[in-house]
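Here the structure comes first, spelled out in structure tokens, and everything after it is commentary.
So that the names make sense, note that chain A is the first sequence line, chain B the second, and so on, each numbered from 1. Note that the coordinates shown come from a computational prediction; the quantities given were computed from them, not determined experimentally.
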Amino acid sequence: MRALSQGSFSCYNYRWEEERYTDGSKWKFLEHKGPVFAPPYEPLPSNVKFYYDGKHMKLSPQAEEVATFFAKMLDHEYTTKEVFRNNFFKDWKKEMTPEEKSKITNLSKCDFTEMSEYFKAQTEARKQMSKEEKQKIKEENERIVQEYGFCVMDNHKERIANFRIEPPGLFRGRGDHPKMGMLKRRIRPEDVIINCSKDSKHPKPPPGTKWKEVRHDNKVTWLVSWTENIQGSIKYIMLNPSSRIKGEKDWQKYETARRLKKCVDQIRAQYRDDWKSKEMRIRQRAVALYFIDKLALRAGNEKEEGETADTVGCCSLRVEHIKLYPELNGQEFVVEFDFLGKDSIRYYNTIPVEKRVFKNLQLFLENKQPEDDLFDRLNTSILNKHLQELMDGLTAKVFRTYNASITLQQQLKELTCPEDNTPAKILSYNRANRAVAILCNHQRAPPKTFEKSMQNLQSKIDAKKDQLADARRELKSAKADAKVRKDEKTKKAVETKKKAVQRIEEQLMKLEVQATDREENKQIALGTSKLNYLDPRITVAWCKKWNVTIEKIYNKTQREKFAWAIDMADKDFEF
DNA sequence: TTCTGTACTTAGGAGCGACACC
DNA sequence: GGTGTCGCTCCTAAGTACAGAA
């Protein structure tokens with residue numbers, strides 16, 4: 001592997017040698033066409049009516065548009081939630097004319113069903129379109145991608161990730177979000193900041209409009225930004241993961257994690273030592289770091305109360321999120337974690353910890369209320385400052401990357417049997433991947449059709465087993481036949497039957513492997529760790545070592561994102 | 001030190017199209 | 001040809017991190 005600092009980087013699209021910028025610039029030249037805006041609102045046909053308190057009411061276009069957002073979500077349980085309904089109604093009223101506002105005073109008296117039916121019919125009609133019509137739409141989409149989906153950054157044509165501006169609609173937060181149902185307003189050119197280089201052809205705003213600003217900031221990587229109205233945060237249009245700028249950043253991330261590998265033993269020794277510190281803040285820091293390292297918890301930045309769902313990470317854990325058991329199920333010093341993490345995904349885990357950690361936790365809990373911070377002398381900024389002193393570039397999240405990648409490597413070593421066939425090897429890979437997903441708590445809702453699809457697979461397996469039994473019987477009788485007759489023809493028949501048995505055995509095994517894999521994956525999402533935490537070079541090396549084609553592990557998008565790794569890792573790569 | 005704003009990464013789910021199967 | 005299944009892509013929310021102002 002080449003050194004990062006040399007900046008040489010050649011893969012499918014990149015066959016060049018160039019210096020990295022050392023002054024913090026991200027590019028010298030940047031040219032693009034600007035964003036694609038959401039299509040304008042098309043008023044409903046006059047036969048699609050809205051009713052208030054049982055009576056037809058024609059809505060003004062603005063009020064109607066917002067009403068359609070609600071109508072489109074009618075089947076979702078969101079619309080039954082109190083918070084959602086209140087937020088929606090409040091924002092909807094802001095879009096009404098004074099007359100509408102005075103009439104429509106109760107959301108429960110609003111009847112959106114005709115609108116809802118109309119949109120369902122439209123979806124259905126879209127499905128029923130002829131091949132030609134569908135092809136035409138596809139081509140039009142393709143044209144837009146060709147025009148707006150690419151930019152030029154320093155001599156390279158690059159794919160843009162999200163060149164379409166988010167359309168207006170109702171905000172759907174995750175979990176118990178206090179702002180769910182609020183109106184996410186339409187973004188206009190006047191809201192948009194364009195970033196490109198001075199000497200590029202600047203994107204043109206749609207006729208009759210202006211950009212909010214055109215700037216030329218090459219210290220950042222984004223092309224377009226705007227401020228959304230729900231949280232007041234900035235949204236960006238950036239490049240695709242396959243781009244040079246994202247690929248290098250990704251590479252750098254894994255290189256930082258590999259540097260941690262070299263000093264992690266020392267860091268662990270130190271935080272263990274710090275459990276004994278005289279200073280409370282150091283003990284807290286040391287215990288938090290232990291959790292981040294051992295359990296791959298997220299850092300846990302503070303959040304503004306009431307602005308978002310109530311979720312926590314390590315530094316923001318509260319007393320109510322852990323329980324201490326001096327003894328539980330035959331194990332000593334057990335900590336039970338139960339809290340909502342990112343995306344309101346529940347983290348539940350009981351783990352035995354060392355006595356010192358346990359005693360420290362007892363100390364941290366003393367005289368506190370359930371809603372008090374567990375680590376009251378600590379936040380992510382303090383923790384990261386400390387980590388920075390231990391290793392250049394070290395932050396809390398590097399531990400997640402490091403532990404994920406090292407786990408994959410170890411698990412692959414442990415689980416891969418050289419004599420296994422390819423499907424079995426892939427099962428081992430998925431199991432190693434799964435170990436990481438479990439560590440990182442990457443969950444998914446079990447697919448709605450899970451039970452059924454499992455049953456289907458099982459009946460396929462049963463059918464295959466029957467088929468195998470038949471084939472074996474046939475083989476047996478062929479053998480008996482051959483023993484009696486002893487001629488070429490019957491001998492040949494035995495060989496054919498033997499092959500058939502073998503083939504069916506292989507098919508059966510493949511199905512069984514598939515069933516195991518699927519069952520074990522019911523509530524676990526492998527994609528997130530594959531995409532964000534596992535050094536792709538580990539995977540590339542494993543594929544090369546065991547002659548598994550990379551296509552079996554990475555799909556096209558993933559191969560594009562990891563082109564740098566596919567290009568540079570050989571079978572001996574060690575994380 | 002705390003707060004705020006900004007930039008960028010990480011996350012799960014919806015929806016859609018390809019493909020297998022009947 | 002119709003239907004069910006599944007993987008992929010897109011979408012955008014929700015994190016982390018850090019700089020600079022207050």
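One can place CG of A:Asp343 at 11 Å from P of C:dA13, the figure rounded to the nearest angstrom. Atom OH of A:Tyr236 is separated from atom P of C:dA13 by 15 Å (rounded to the nearest Å). Straight-line distance from the NZ atom of A:Lys303 to the P atom of C:dT16: 9 Å, rounded to whole Å. What separates NE2 of A:His177 from C1' of C:dA13 is a distance of 9 Å, to the nearest Å. Between the C1' atom of C:dG15 and the CG atom of A:Leu340 lies a distance of 15 Å, rounded to the nearest Å. Whole-Å rounding puts the A:Lys249 NZ to C:dT16 C1' distance at 11 Å. Atom CG in A:Asn379 sits about 12 Å away from atom C1' in C:dA17, given to the nearest Å.
Look at A:Arg186 and A:Asp191 and you find no salt bridge, because none of the NZ, NE, NH1 or NH2 atoms lies under 4.0 Å from a carboxylate O. A salt bridge is absent between A:Asp217 and A:Arg215: the closest approach of a Lys/Arg side-chain nitrogen to an acidic carboxylate oxygen does not fall below 4.0 angstrom. With respect to the salt-bridge test (charged N to carboxylate O, under 4.0 angstrom), the residues A:Glu255 and A:Arg258 qualify. The residues A:Asp372 and A:Arg318 are annotated as not salt-bridged, no charged nitrogen and carboxylate oxygen being separated by less than 4.0 angstrom.
Checking A:Cys314 against A:Arg172, the closest nucleotide of DNA chain C that is more toward the 5' end is the one next to A:Arg172. Nearer to the 5' terminus of DNA chain B, by closest-nucleotide assignment, is the contact made by A:Ser529 (compared with the other of A:Ser529 and A:His76). When each of A:Ala445 and A:Lys246 is assigned the nucleotide of DNA chain B with its nearest heavy atom, A:Lys246 is the one assigned upstream, toward the 5' end.
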Would you mind building the protein contact string for nucleotides 1-12 of chain C? One character per nucleotide, 5' to 3', B for base within reach (heavy atoms under 4.0 Å), S for sugar-phosphate only, - for untouched. ----SS-SS-SB
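When the shell of 6.0 Å around CD of A:Glu42 is examined, it contains 12 or fewer heavy atoms from other residues, nucleotides or ligands. Within a 6.0 Å sphere centred on CD of A:Glu371, other residues, nucleotides and ligands contribute more than 12 heavy atoms.
Note on A:Gly527: nothing from the nucleic acid sits closer than 4.0 angstrom, heavy atoms only. Within 4.0 Å of A:Ala309, counting heavy atoms only, lies no atom of the nucleic acid at all. In this structure, A:Lys138 reaches the sugar-phosphate backbone alone: every heavy-atom distance under 4.0 Å involves primed, P, OP1 or OP2 atoms, never a base. Residue contacts for A:Ser381: at a heavy-atom cut-off of 4.0 Å it reaches no nucleic acid atom on any strand shown. Residue contacts for A:Gly300: at a heavy-atom cut-off of 4.0 Å it reaches the sugar-phosphate backbone alone, with no base atom in range. Residue A:Lys397 is in sugar-phosphate contact alone, with no base atom involved, counting any heavy-atom pair closer than 4.0 Å across all strands shown.
Applying a 4.0 Å cut-off to non-hydrogen atoms, none of the residues of residues 383-394 of chain A approaches DNA chain B. Near DNA chain C, meaning a heavy atom under 4.0 Å from it, residues 23-40 of chain A has no residue at all. Contact check of residues 401-409 of chain A against DNA chain C (heavy atom, cut-off under 4.0 Å) returns no residues at all.
A:Thr539 and A:Tyr429 are linked by a side-chain donor-acceptor pair at a separation below 3.5 angstrom, with hydrogens and angles left out of the test. Using modelled atom types and a 3.5 Å distance limit, the side chains of A:Glu142 and A:Gln146 yield a donor-acceptor pair. With hydrogens and angles left out, the side-chain atoms of A:Thr308 and A:Lys303 include a donor and acceptor closer than 3.5 Å. For the residue pair A:Glu228 and A:Ser233, a side-chain donor N or O sits within less than 3.5 Å of a side-chain acceptor on the partner. For A:Asp154 and A:Tyr21, the side-chain atoms include at least one donor-acceptor pair closer than 3.5 Å.
Because its NZ or CZ atom is not both nearer than 6.0 Å to the ring centre of A:Phe171 and within 45° of the ring axis, A:Lys184 does not count as a cation-pi partner of that residue.
For A:Leu378 against A:Ala288, the heavy-atom pair with the smallest separation is CD2-CB, 3.4 Å.
Listed by chain and number, the residues in a ring-ring contact (aromatic ring centres under 6.0 Å, His included) with A:His216 are A:His202 (sequence neighbours excluded).
Ring centroid separation for the pair A:Phe69 and A:Phe88 does not come in under the 6.0 Å cut-off.
Partner of A:Phe70 under the ring-ring contact (aromatic ring centres under 6.0 Å, His included) criterion, chosen from A:Phe112, A:Phe119, A:Tyr78: A:Phe112.
Here A:Thr395 reaches the OP1 or OP2 of C:dA17: one of its side-chain N or O atoms lies under 4.0 Å away. The side chain of A:Thr311 contributes an N or O atom lying less than 4.0 Å from OP1 or OP2 of C:dG15.
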Run the side chain to side chain donor-acceptor pair (under 3.5 Å) test on A:Asn301 and A:Thr380 for me, step by step, so that the C-alpha distance in whole Å, both residues' side-chain angles and the decisive distance to 0.1 Å come before the verdict. CA-CA 6 Å; A:Asn301 284 318; A:Thr380 53; 2.5 Å; yes
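In 5' to 3' order, the nucleotides of DNA chain B bounding all contacts with chain A (an atom under 4.0 Å from a heavy atom) are B:dT6 to B:dA18.
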